[in-house]
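Report on the following structure.
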Number of protein chains: 2
Amino acid sequence: MAFENYTIKDIAKALNLSASTVSRALRDSYEISAETKAIVQAYAEKINYKANPIARGLKERKSYSIGIIVSEIANNFFSQVIDGIESVAYSKDYQVVISQTHESASRERLNVEHLYARSTDGLLMALSAETTDLSYLENLLKKGFPIVFFDRVPEQTICHRVIADNKQSGYQAVHYLAKRGCRRIAHLTSAQNLSITRERLEGYKMGLLSCGLDFDQKLVKYCRYGGLHQDEIDTAVAELATEDYDAIFISGDKLTTGYLTAMNERAGRDAHNIAIVGFTNSKVVSIFSPTITAIRQPAFEMGKRAAELLIQQIEAKHPVVDFETVVLPTVIIEKNSSF
Amino acid sequence: MAFENYTIKDIAKALNLSASTVSRALRDSYEISAETKAIVQAYAEKINYKANPIARGLKERKSYSIGIIVSEIANNFFSQVIDGIESVAYSKDYQVVISQTHESASRERLNVEHLYARSTDGLLMALSAETTDLSYLENLLKKGFPIVFFDRVPEQTICHRVIADNKQSGYQAVHYLAKRGCRRIAHLTSAQNLSITRERLEGYKMGLLSCGLDFDQKLVKYCRYGGLHQDEIDTAVAELATEDYDAIFISGDKLTTGYLTAMNERAGRDAHNIAIVGFTNSKVVSIFSPTITAIRQPAFEMGKRAAELLIQQIEAKHPVVDFETVVLPTVIIEKNSSF
DNA sequence: TTGAAAGCGCTAACAG
DNA sequence: CTGTTAGCGCTTTCAA
């Protein structure tokens, strides 16, 4: 019987009450006697009454759904973030609507407009690699529409942010490699306009400095689409091959697997004498070849925190004026140990 | 201006028309003069009017959203299927709501109930590894609620299905291995109750038969949760280690990477003298070690076809009575070539 | 403490 | 061809 579509009217009729009383009783309103409440709630339970969220949304101007916008769900990091988001949305009875940008700024804008028009109550998003114009998002924020950014966030905008400690990660990566004797550490990273790119690069530079290594611009390669297209990685790897480098720090999930793919393509030549530290949330790093040292982000936690911030803002009685930036630590995992 | 919330009333007022005329004009109704339509549509365009889907849904008893239920989005196969679904949903202006079962039957049921109550217009689903009781789904189907199954489908139920040619794949896998001299071909697979498990097993058996190889029950290992938990794979691998086998046919994405993980854990011992053919839609098979031969499902296509069937049924004027089973071919990809 | 009635934004009889 | 009106299921004044 879980699938009948009872309405408040059905309950009202059955119990000889008015629809409004039933509505109030179901929502535990103070104006209803305990007795009536009990009766109504018991009956609702019995027939497995489920409020029609469409109708409720129309009235309340709420949809009890939140939108997620990421570049790709086929990305270990993002899918884990989504799991985290789901875990809290689920417990607070929000529906989750996921959409992908495939790293396209125009697609991102369409998705935002769509989700906004669809009356999602708020948005959780990581910017696309292509995004540079944030003005339409800022307009939305200014109107008070709740948006929490994670991972790839606006840097100048006043908003909630949940990110990993990217600078520290870059710093650690370099130290890890330097300690193992590497002297020419390359850096493969995503689009220049992304916050993660900048922060990780900064950490990388700080790391080099503190290790007494020179920063060489030629050892830094950017991928405009974050490695979404293998050819941008192939190009970067080909360019790097002309420099001599003995290690590389890679700044993202797709880039890491893409780099390994490219290196395997170039055969044994230089594949196995370069030490690799790469961001990845893959759960099967131990089967990768060549072997790598992984930097993991607390993706699930990141999703949780972001969702909590969002729902908190959605349900806030007063406009939110205090915006938070949550920074979570990453973990570095030794060469291909399993975890 | 893309984000104002204009209503039909606003347009009606501005144009000195009635709301219903505007509504009809926007929906290109035959009763409205071309002239009026042009005026209305131009104005709507200009102010970037977007219909409120909540209100429309309430009236039409439709939500223009479809639900997707899979075990995990962090699975190459499923995420590619979702991409395919999105591509058609997007073009037909349906919102997509994704939820995960994590291979739990109770979670699956909750998700179905939730999505149904949320008035999604239909469901696209692959059954969880744990699912055995289909009665509640059959009730829904009987009521005419549109559900299209893909990949893991009910076998006895009258419904739309989109699947890969699993039997043929198993058959081919065995032939591939036998041709390379393998004689003791093991089979690592998912829960016994899943259609994919049965079909691939059947193909495997037919393959053995036609190659003059004996079927040995001890070489077949099931994983109740489809490899969601690494320990079930570890157990299976440990058991297999006591048999002597020279090849293995693996029946799913998670199982394939899980098997490799387990083998790597067991170190070089038996890792590299076993030929591996495994289902996987990973795009980075070439970096896996040990190397494998991959069976790829046309996941994107599968998602597309399933979504088309679903939307067709949703929009059908008359109850659908003709149910289809679409079978798509798989592709076998030579050892670690890149693609 | 309960009920009647209005209205959220939209669509669809029914009239004109 | 266009307008009036009612109503989808729910919440929420306002009255009783």
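A note on names: the letters A, B, ... follow the listed sequences, proteins ahead of strands, and every chain is numbered from 1.
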* Asked: Under the salt bridge (charged side-chain N to carboxylate O under 4.0 Å, His left out) test, which residues partner A:Glu72, sequence neighbours left out?
  -> A:Lys254
* Kindly indicate whether the side chain of B:Ser23 and the base of C:dA12 share any N or O donor-acceptor pair separated by less than 3.5 Å? => no
* **Those residues of residues 10-18 of chain B lying under 4.0 Å from DNA chain C by at least one heavy atom** => none
* Asked: Does B:Lys304 have any side-chain hydrogen bond (donor to acceptor under 3.5 Å, both in side chains) partners at least two apart in sequence or in another chain, and if so, which?
  -> none
Solution key, residues 12-20 of chain A side-chain donor-acceptor pairs under 3.5 Å, sequence neighbours excluded:
unit_1, atom_1, unit_2, atom_2, d
A:Ser18, OG, A:Ser20, OG, 3.1
A:Ser18, OG, A:Thr21, N, 3.2
A:Ser18, OG, A:Thr21, OG1, 3.0

* **Whole-Å gap separating C1' (C:dG7) and CD1 (B:Ile54)** => 16 Å
* Nucleotides bounding contact with chain B, strand DNA chain D, heavy-atom threshold 4.0 Å -> D:dC1 to D:dG9
* To do: Classify the ring geometry between A:Tyr94 and A:Tyr64 as parallel (under 30°), tilted (30 to 60°) or perpendicular (over 60°).
  => tilted
* Structure fact -> Between NZ of A:Lys62 and P of C:dG9 the distance, given in whole Å, is 17 Å
* To do: Using salt bridge (charged side-chain N to carboxylate O under 4.0 Å, His left out) as the criterion, list what pairs up with B:Glu35, not counting sequence neighbours.
  => none
* To do: For B:Leu58, answer base if it contacts any base atom (sugar-phosphate contacts may also be present), sugar-phosphate if it contacts only those atoms, and nothing otherwise; contact means non-hydrogen atoms under 4.0 Å.
  => base
* **B:Ala55 or B:Val22, whichever maps to the more 5' nucleotide of DNA chain D** => B:Val22
* Asked: Counting any heavy atom closer than 4.0 Å, what does B:Thr7 reach on the DNA or RNA strands: base, sugar-phosphate only, or nothing?
  -> sugar-phosphate
* To do: List in chain and number order the residues that pass side-chain hydrogen bond (donor to acceptor under 3.5 Å, both in side chains) with B:Ser135, two or more places apart in sequence or in another chain; answer none if no residue qualifies.
  => B:Asp133
* To do: Would you jot down, in residue-number order, the residues of residues 25-35 of chain B having a non-hydrogen atom under 4.0 Å from DNA chain C?
  => B:Arg27
* To do: Report the residues that fulfil side-chain hydrogen bond (donor to acceptor under 3.5 Å, both in side chains) with A:Thr36, sequence neighbours left out, ordered by chain and then residue number.
  => A:Ser33
* Can you pull out how bent the helix from C:dT1-D:dA16 to C:dG16-D:dC1 is, comparing the axes over its first five and last five pairs, to 10°? => 50°
* Could you pick out which residue, B:Arg24 or B:Ala51, lies toward the 5' side of DNA chain C when each is mapped onto its nearest nucleotide? => B:Ala51
* Among B:Ile85, B:Leu328, B:Val326, find the residue that satisfies the side chain to side chain contact (heavy atoms under 4.5 Å, CB included) test when tested with B:Met302. => B:Leu328
* Would B:Ile8 and B:Tyr49 count as a side-chain contact (heavy atoms from CB on, under 4.5 Å) if you check the C-alpha gap in whole Å, the side-chain angles of each, and the deciding distance to 0.1 Å? -> CA-CA 8 Å; B:Ile8 276 195; B:Tyr49 167 80; 3.3 Å; yes
* Asked: So, B:Glu155 and B:Ser195: side-chain donor and acceptor under 3.5 Å apart, yes or no?
  -> no
* Let me know, please, whether B:Lys59 or A:Lys59 comes out on the 5' side of the other along DNA chain C by nearest nucleotide. => A:Lys59
* Asked: Does A:Glu31 have any salt bridge (charged side-chain N to carboxylate O under 4.0 Å, His left out) partners at least two apart in sequence or in another chain, and if so, which?
  -> A:Arg24
* Asked: Under 4.5 Å between any side-chain heavy atoms of B:Lys62 and B:Ile314, yes or no?
  -> yes
* Structure fact -> Closest to the 5' end of DNA chain D, once B:Ser20 and B:Glu60 are matched to their nearest nucleotides, is B:Ser20
* **Test salt bridge (charged side-chain N to carboxylate O under 4.0 Å, His left out) applied to A:Glu108 - qualifying residues, sequence neighbours left out** => none
* To do: Using atom CZ of B:Arg56 as one end and atom C1' of C:dG9 as the other, report the distance to the nearest whole Å.
  => 12 Å
* Evaluate the side-chain proximity of B:Met125 to B:Leu127: yes if any heavy-atom separation is below 4.5 Å, no if none is. => yes
